[in-house]
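Contents: one structure, followed by commentary.
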2 protein chains.
Amino acid sequence: MALTLRDVAQAAGVSVATASRALAGSGLINQATRTHVAQVAAAIGYRANPLARALKTRKSRLIGLTVHNLENTSFRTLAAVVQQRMQALGYQVILSISSDDAAQEREILATLLDHGIDGLISVPTGANGRQMTDLEQTGIPVISAVRHIDDAHLESVLAADFEGAYAGTRHLLELGHRRIGLIVGISETTSGKERLAGYTRALSEAGVALDPALIHQGRYAPETGVEGAEAVLGATPPPTALFVANHESSVGVLRVVADKGLRVPDDLSLLFYEDTPWFQWLSPPMSVVDSGASELANLAVERLLQRLDGAANSGREFRIGSRLVQRASCRAPKES
Amino acid sequence: MALTLRDVAQAAGVSVATASRALAGSGLINQATRTHVAQVAAAIGYRANPLARALKTRKSRLIGLTVHNLENTSFRTLAAVVQQRMQALGYQVILSISSDDAAQEREILATLLDHGIDGLISVPTGANGRQMTDLEQTGIPVISAVRHIDDAHLESVLAADFEGAYAGTRHLLELGHRRIGLIVGISETTSGKERLAGYTRALSEAGVALDPALIHQGRYAPETGVEGAEAVLGATPPPTALFVANHESSVGVLRVVADKGLRVPDDLSLLFYEDTPWFQWLSPPMSVVDSGASELANLAVERLLQRLDGAANSGREFRIGSRLVQRASCRAPKES
DNA sequence: CTGTTAGCGCGTTCAA
DNA sequence: TTGAACGCGCTAACAG
């Protein structure tokens, strides 16, 4: 059996209340007794029981984290950053994987609430805005990360997808490309919709007509990359550049490009989205629009910390600026 | 404020004790009242408070999970599988990232203990066998995953690394290769040591002399791949096959191979270790020794469940068989 | 500044 | 079979 506050009190010759105050850092206590109690506690190896404390104070120092999966780079970064930063501050994180499924998410939310989490960082499915709002009203701050929920007044920290896709497309345009293929996520996702919009805008500003044959939308998976690359690269005339704004489809695209014997960037410029360590290890190192996953994760943590510290729910949307990382996969198109 | 057992008791017209018994499924209770209470509880939307229950029963239905990081495929798979399976059984998992650092791990273990976890699945750093043993003696089962700790009597579930490397090497040998390069982890890790041993054994059994110039050991990182590939491929005569038994270095190797203009498998057979979705999307699809990360994770869960269910600590070591997945990156060497 | 007392929400004696 | 009372370990009144 672990030591309790009573043991500390006994060993230090004070009451449990005094011991509690000494350890919890209450202001109303004699410095001498405080240090004395602290020493005794350390000496006998006392460690407070967080459960008992939580039952009393309604502060568990537990926070919830829900993500769709652990495969996606951004989600993984979010999980790692949230875990490490919160742990350093004495919080423990309960990880839950929703599989982007509304029913599972609903169940998770309820369980997390039962466990008395102090706060929640969630990549929401989007379907449980109601439950998220309920959490907020119970006094549990929730930060929506990566995805936005329309029907919930929540702080959310998102990537600047429109801007990122716009910048990526402009980069290709400035290199001289006019036939630019795009592989992107489905429009049901915020990121898919916004990236498509960014691409469209850049093209129209440059006076380049939109060619539907150059655009392929699909879910976030390798298969989308092969289908998309085959379709788009088969257009006539073929594109001189391909913007893969659907991270999961990157490998699929790479395979088609290799199979077709296309050299990058000589025959085709390739621009990816969401940086991941291995992009720089490919040959050639791949240029990419970095959506700032780690900055996003850190900001989500900052916001949660503020809220935990008493700040009100601003309902504000925070956007992490994207950054174009030029490596060696893009260049001007060959003269034709 | 959430509903308490008292509310249920009141609404059902019974005492809290009866309500508790009805919901907890104690045997000593009238069937009629049990169903009545259950209905009332469901009707008013009562949900038991796990903290209060844990304080009383010393069972938190929380389990700890520690991994070195979330980048490594095996660790990630472990995290995902453990989380999903345990959650389905009503457990929540507290995720902690040790960064393979002994001090951090020690701190994590203590905190997890404070939080009253019922069990622990850990990819250990190896330095805190003592604390792990203490946990076991406190009655908290711990399963060591992926890595083994010598100085702790723990159940561990590991990959069959010797066997895997042996099988991989034999495959290359049977294709006719005699100059087989190896890039592997440092011998301080169990996996590094065992894989090297498997390779060595296969070679010696085949009567092929070991050439140190063909072997490169390094930490699990892309850099190791480039250094290793450059060194090993530069040997004279050069290898006709390269066994990359260091997963993290795969991308590094790929880059060197591409930069040297080597065609796979025409000029060089390539065999990787630890399967990951994108290996099959490369061109050509890469052959690999699959170490069975998901089976390993599932077995770790099974074992923990058994232990949670009262089984004694067998101290046994479980090995997950490796599997050679032949795709298209290996073939017989060219005649020379 | 410190000690005494009363719960937080449960499960579990002990009687009835 | 049920109810009343107690306590898990801790913090928050309320006195002193």
Side-chain angles (χ1 to χ4, degrees), chain A residues 1-38 40-41 44-62 90 111 113-118 138-140, chain B residues 1-38 40-41 44-62 90 110-111 113-118 138-139:
Chain A
M1 195 50 209
L3 273 48
T4 76
L5 200 52
R6 169 185 248 93
D7 298 318
V8 179
Q10 223 150 38
V14 296
S15 73
V16 281
T18 306
S20 170
R21 281 188 281 252
L23 268 20
S26 156
L28 317 171
I29 191 167
N30 185 309
Q31 272 308 325
T33 60
R34 151 173 307 175
T35 54
H36 173 58
V37 172
V40 172
I44 65 177
Y46 167 76
R47 296 188 59 105
N49 180 335
L51 274 72
R53 173 177 291 161
L55 187 59
K56 183 67 186 176
T57 63
R58 312 206 160 272
K59 247 107 204 67
S60 62
R61 294 196 78 81
L62 246 35
T111 309
L113 175 60
D114 289 343
H115 278 269
I117 52 168
D118 291 344
T138 315
I140 300 173
Chain B
M1 195 51 209
L3 272 49
T4 77
L5 199 51
R6 171 186 247 91
D7 299 319
V8 178
Q10 223 152 36
V14 296
S15 73
V16 281
T18 307
S20 171
R21 281 187 281 252
L23 299 175
S26 157
L28 315 172
I29 192 168
N30 185 308
Q31 272 309 325
T33 61
R34 152 173 305 175
T35 54
H36 173 58
V37 172
V40 171
I44 65 176
Y46 168 77
R47 296 186 61 105
N49 180 334
L51 274 72
R53 173 177 292 161
L55 187 59
K56 184 69 186 175
T57 63
R58 313 209 160 268
K59 249 111 204 66
S60 62
R61 294 195 80 79
L62 246 33
T111 309
L113 174 60
D114 290 344
H115 279 271
I117 52 167
D118 292 344
T138 315

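No hydrogens, no waters, no symmetry mates; every other heavy atom, side chains included, goes into these values. Predicted model only: the values in this text are computed from it and were never measured. The sequence lines fix the lettering, A, B, ..., with proteins before strands; numbering per chain opens at 1.
Contact annotation: A/Arg58 side-chain N/O to C/dG9 OP1/OP2 distance is under 4.0 Å. For B/Thr18, a side-chain nitrogen or oxygen approaches OP1 or OP2 of D/dG3 to under 4.0 Å. Look at B/Tyr46 and you won't find any side-chain N or O under 4.0 angstrom from OP1 or OP2 of C/dG9. Under 4.0 angstrom from either OP1 or OP2 of D/dT2 there lies no side-chain N or O belonging to B/Ser15. For D/dG9, neither phosphate oxygen OP1 nor OP2 lies less than 4.0 angstrom from any side-chain nitrogen or oxygen of A/Thr4. When the side-chain nitrogen and oxygen atoms of A/Thr57 are compared with OP1 and OP2 of D/dC10, none of them lie within a distance under 4.0 Å.
If you find the closest nucleotide of DNA chain C to B/Ala17 and to B/Leu55, the one lying nearer the 5' end belongs to B/Leu55. Between B/Gly13 and B/Ala52, the one whose closest nucleotide on DNA chain D sits nearer the 5' end is B/Gly13.
B/Leu5 has its CG atom 12 Å from the P atom of C/dT12, to the nearest Å. Atom CZ in A/Arg21 sits about 11 Å away from atom P in C/dT4, given to the nearest Å. Atom pair A/Arg47:CZ and D/dC10:P shows a separation of 12 Å (rounding to whole Å applied). Put simply, CG on A/Leu51 is 15 Å from P on D/dC8, counting in whole angstrom units. Separating the CD atom of A/Gln10 from the P atom of D/dG9 is a distance of 13 Å, rounded to the nearest angstrom. What separates CZ of A/Arg6 from C1' of D/dG9 is a distance of 9 Å, to the nearest Å. Rounded to whole Å, the distance from NZ on A/Lys56 to P on C/dC10 is 15 Å. A/Gln31 has its CD atom 10 Å from the P atom of C/dT2, to the nearest Å.
Taking each heavy atom of B/Arg34 and B/Arg21 in turn, the nearest pair found is NH2-O, 4.4 Å. The shortest heavy-atom contact between A/Asp114 and B/Asn49 is O-OD1, 4.3 Å. Nearest heavy-atom pair, A/Ala48 versus A/Arg53, reported as atom, atom and distance to 0.1 Å: CB-NH2, 3.5 Å. Taking both residues in full, the closest heavy atoms of A/Ser60 and A/Asp118 are given as N-OD1, 2.9 Å, listed atom of the first, atom of the second, then distance. The two atoms that bring B/Val37 and B/Ala19 nearest to each other are CG1-CA, 4.0 Å, heavy atoms only.
Using a 4.0 Å heavy-atom distance criterion, B/Val16 is classed as making no nucleic acid contact. Residue-level contact check: A/Ala54 touches neither bases nor backbone, having no heavy atom under 4.0 Å from any strand.
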